[in-house]
Structure formats: structure tokens, C-alpha cells
2 protein chains.
Amino acid sequence: MTSNACLLRENGMEPTDARLRILEALSGQHIALRAQDILKALRANGPFDKVTLYRTLEAFAERSIVQRHCAGDRTYRYCMPAPDEGMHSHFYCTRCGNMACLTGQHEPGMGILRPMDAAPLPGRLQAVEIRLDGICDACLSRQG
Amino acid sequence: MTSNACLLRENGMEPTDARLRILEALSGQHIALRAQDILKALRANGPFDKVTLYRTLEAFAERSIVQRHCAGDRTYRYCMPAPDEGMHSHFYCTRCGNMACLTGQHEPGMGILRPMDAAPLPGRLQAVEIRLDGICDACLSRQG
DNA sequence: CTGTGAATGCAACCCAGTTGCACCACCAAC
DNA sequence: GTTGGTGGTGCAACTGGGTTGCATTCACAG
Ligand SMILES: [Mn+2]
Ligand SMILES: [Mn+2]
Ligand SMILES: [Zn+2]
Ligand SMILES: [Zn+2]
């Protein structure tokens with residue numbers, strides 16, 4: 001029994017082949033992947049249906065098995081949080097679209113996240129998304 | 001000469017009727033609007049072309065006349081920063097999609113934004129996007 | 001006037017993500 | 001064993017926010 005299979009069982013999902021393959025593609029990554037990136041990786045070892053992927057990713061995100069983030073280009077990116085780690089933030093390269101996971105979690109409710117805002121929030125906070133935008137080192141070295 | 005016309009001139013844009021109408025729709029809002037929200041408001045006082053709106057909003061965003069943000073539902077929201085204010089963050093209601101602008105700017109490079117991350121960034125930072133997700137007061141009062 | 005570039009309008013297109021529905025495997029009840 | 005329900009997958013069609021191409025109009029300098 002792999003740890004991914006356990007993860008699925010803990011979340012009330014059968015560890016099917018498709019699900020395990022998707023988790024495998026996401027495990028150990030330090031960047032957040034587009035659905036299409038994942039699809040391409042999956043299809044390197046056999047056919048895989050697009051809709052199954054999208055539906056599975058959505059189910060994973062609902063159960064917090066993966067994190068789903070909206071990048072600056074309006075496409076979702078998916079990544080697996082490190083074990084026992086909460087939300088983490090990302091560095092998004094506006095030139096190449098690469099979205100690196102940053103180490104160190106951040107927590108909803110941390111006062112320091114809104115240093116200059118004394119007013120109460122206009123609702124019940126559930127999650128905090130922090131995205132750092134810029135040019136990644138690879139793009140910088142390619143052309144400054 | 002309205003202040004919006006000045007704003008356009010300062011950014012090298014002719015203050016055309018279409019542009020002024022768009023800025024007018026965004027001025028004084030305390031929420032970030034979808035393109036479609038803006039279009040609906042514009043069409044309340046006469047016809048307005050969808051493509052002109054999108055192109056104009058893009059030109060405004062490039063010149064930082066408006067801020068463009070990607071909400072959790074993968075649609076862009078547009079808002080005008082208060083005068084002399086930099087980037088600000090938003091509260092996004094995952095139930096109704098309303099995206100409230102939060103008062104108080106945040107600055108790229110503030111150390112406090114990444115409290116638990118000592119590692120250097122994997123690139124050159126240009127902007128910081130902070131989105132607080134949750135359920136807004138209106139939705140809470142409607143059904144908890 | 002007249003030429004030039006900027007701005008606008010309309011139609012067609014793009015494409016990540018979604019929906020509908022058929023199919024299949026599995027298991028439990030009859 | 002047959003039936004019926006459930007969960008997962010596959011294929012095709014669809015959605016809709018946003019974009020592109022291109023023709024037309026406008027502003028204004030020469
Ligand atoms: Mn990540
Ligand atoms: Mn705003
Ligand atoms: Zn890059
Ligand atoms: Zn709401």
C-alpha cells in the first residue's frame with residue numbers, strides 16, 4: 001500500500017489506477033502544474049482522458065488532497081502540499097508561466113498578512129492566497 | 001477637464017468617450033468588477049462594444065490605471081486604486097463571487113509577507129497578489 | 001482637402017474547463 | 001443468476017470569458 005493510496009482512503013476515495021497516476025505526477029514536484037502539464041506527463045505512459053483528469057483534480061481540491069491556485073494567466077495550477085504543511089505561497093513568472101511553490105506555510109488569520117488594514121474583514125475568512133509575481137531566474141538569465 | 005481625463009493624458013492616452021465612460025464605471029467602486037459587470041453598467045446608458053471594453057481594460061492595466069486581478073473563479077476583476085495608493089488586497093466570496101477591495105496597501109518586498117520563508121526568491125519580484133477567500137457578510141446573513 | 005495612425009465595431013475564433021450521457025466494473029439484494 | 005444501484009471512466013459536445021483579424025471611422029497634422 002503506497003502512501004498515496006492511504007491518502008486516498010483517508011479521504012474516502014478508492015485508490016484507482018487513474019487517481020494514483022495523477023497523484024504520482026504531482027508528488028515530489030516543487031512547482032504547481034497546469035492540468036495540461038499533468039495530462040502530458042500522464043500520457044507519456046499510456047492514454048489518459050482529459051475529463052477524468054479535470055474531474056479528479058476537482059475532487060482532490062475539494063478534499064484538500066491537492067491545492068488549486070489561479071495563476072495570473074487565468075489557468076489553474078495544482079500542487080500537493082508537503083506532508084503536514086498548510087497553505088503555501090507561490091512565485092509566478094509572468095514571462096514563462098512557471099509557478100514555483102515557496103517553502104514555508106502561511107496561515108489564514110495571521111495578523112501580519114494585513115499589516116496596514118485595521119478594519120475587520122467583510123466576511124468569514126477561509127483561506128489566504130498569496131502569489132508573488134515577477135521574472136524567474138531562468139528567464140532572467142536567458143535575456144535579463 | 002475631469003480628473004479622469006487628466007489621468008488618461010498623464011498616461012499618454014486620448015480621453016475618448018469610451019475610455020472616460022469605462023473609468024467612470026470603475027471610479028468610486030469599492031469592489032473589483034468583472035468585465036461583464038462593467039459592460040452591463042455601460043450599456044445602461046447606451047450601446048457599448050465588448051471588444052473595445054476588453055482592449056481598453058488591458059491598456060489600462062498595462063499602464064496601471066486600473067488593477068487587474070484573477071479571482072478564484074478564473075475571471076479577471078478590475079478596480080481603480082485610490083489616489084496615491086499602491087497595490088491593495090481583496091476579499092473574495094467563494095459563494096457569490098463578490099470581490100471587495102480592502103483598504104490599506106501592501107508593498108512588494110515587504111519582509112512580513114513571507115514570515116516563515118527565509119529562502120531567497122527564485123526570481124525578480126515585481127508584484128504581490130494577496131487574496132483573502134471566504135464567505136461575505138451578505139452571504140452569511142442569507143444562510144449562514 | 002488629404003494622408004496617417006489611433007480608436008472603434010463586428011464576426012469569428014480560441015481554449016481551459018465543464019456538462020451530458022453512455023458504458024463498464026463491482027457489489028448487494030432478490 | 002439476475003437485477004438494480006453505485007462509483008469511476010471515456011467520448012463528444014458545449015460554455016463563456018477573453019482574443020484576434022480586419023474593415024470602418026475618427027482625430028488631427030501637413
Ligand atoms: Mn504549491
Ligand atoms: Mn481592488
Ligand atoms: Zn520564467
Ligand atoms: Zn458572498
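So that the names make sense, note that chain A is the first sequence line, chain B the second, and so on, each numbered from 1.
Here Thr75(A) does not reach the OP1 or OP2 of dA16(C): none of its side-chain N or O atoms lies under 4.0 Å away. Between Thr16(A) and dT9(D) there is a side-chain N or O to OP1 or OP2 distance below 4.0 Å. Between Tyr54(B) and dG18(D), a side-chain N or O to OP1/OP2 separation shorter than 4.0 Å is present.
For Arg43(A) (side chain) and Phe48(A) (main-chain N/O), a donor-acceptor pair under 3.5 Å exists by modelled atom type.
Relative to the ring axis of Tyr76(A), Arg74(B) places its NZ or CZ within 45° and under 6.0 Å from the centre.
Straight-line distance from the OH atom of Tyr78(A) to the P atom of dA16(C): 12 Å, rounded to whole Å. Separating the CZ atom of Arg19(A) from the P atom of dG7(D) is a distance of 11 Å, rounded to the nearest angstrom. Look at CG on Asp37(B): it is 10 Å from P on dG17(D), rounded to the nearest Å. Rounded to whole angstrom, the span from the CG atom of Asp73(A) across to the P atom of dC14(C) amounts to 19 Å. Computed from coordinates, the Met13(B) CE to dA27(D) P distance equals 16 Å when rounded to whole Å. Taking atom CG of residue Leu53(A) and atom C1' of nucleotide dT19(C), one finds them 16 Å apart after rounding to whole Å. Residue Asp49(A) contributes atom CG, which lies 10 Å from atom P of dT9(D) at whole-angstrom precision. Computed from coordinates, the Asp17(A) CG to dT9(D) P distance equals 8 Å when rounded to whole Å.
Here the CD atom belonging to Gln29(B) is positioned 15.0 Å from the OH atom belonging to Tyr78(B), to the nearest 0.5 angstrom.
In terms of polar N and O atoms assigned as donor or acceptor, the side chain of Arg74(B) never comes within less than 3.5 Å of the base of dG16(D) in a complementary pairing. Scanning atom types as modelled, one donor and one acceptor separated by under 3.5 angstrom connect the side chain of Arg55(A) and the base of dG10(D). No hydrogens or angles were tested; on distance alone, a donor-acceptor pair under 3.5 Å links the side chain of Lys50(B) to the base of dG18(D).
Toward the 5' end of DNA chain D, the nearer of the two residues Arg77(B) and Glu14(B), judged by each one's closest nucleotide, is Arg77(B).
Between Thr75(A) and Asp73(A), the side chains place a donor N or O and an acceptor N or O closer than 3.5 Å (distance only, hydrogens not considered).
Among the protein residues, Glu58(A) comes within range of no part of the nucleic acid, since none of its heavy atoms lies under 4.0 Å from any strand.
Using a 4.0 Å cut-off between charged side-chain N and carboxylate O, Arg19(A) and Asp17(A) make no salt bridge.
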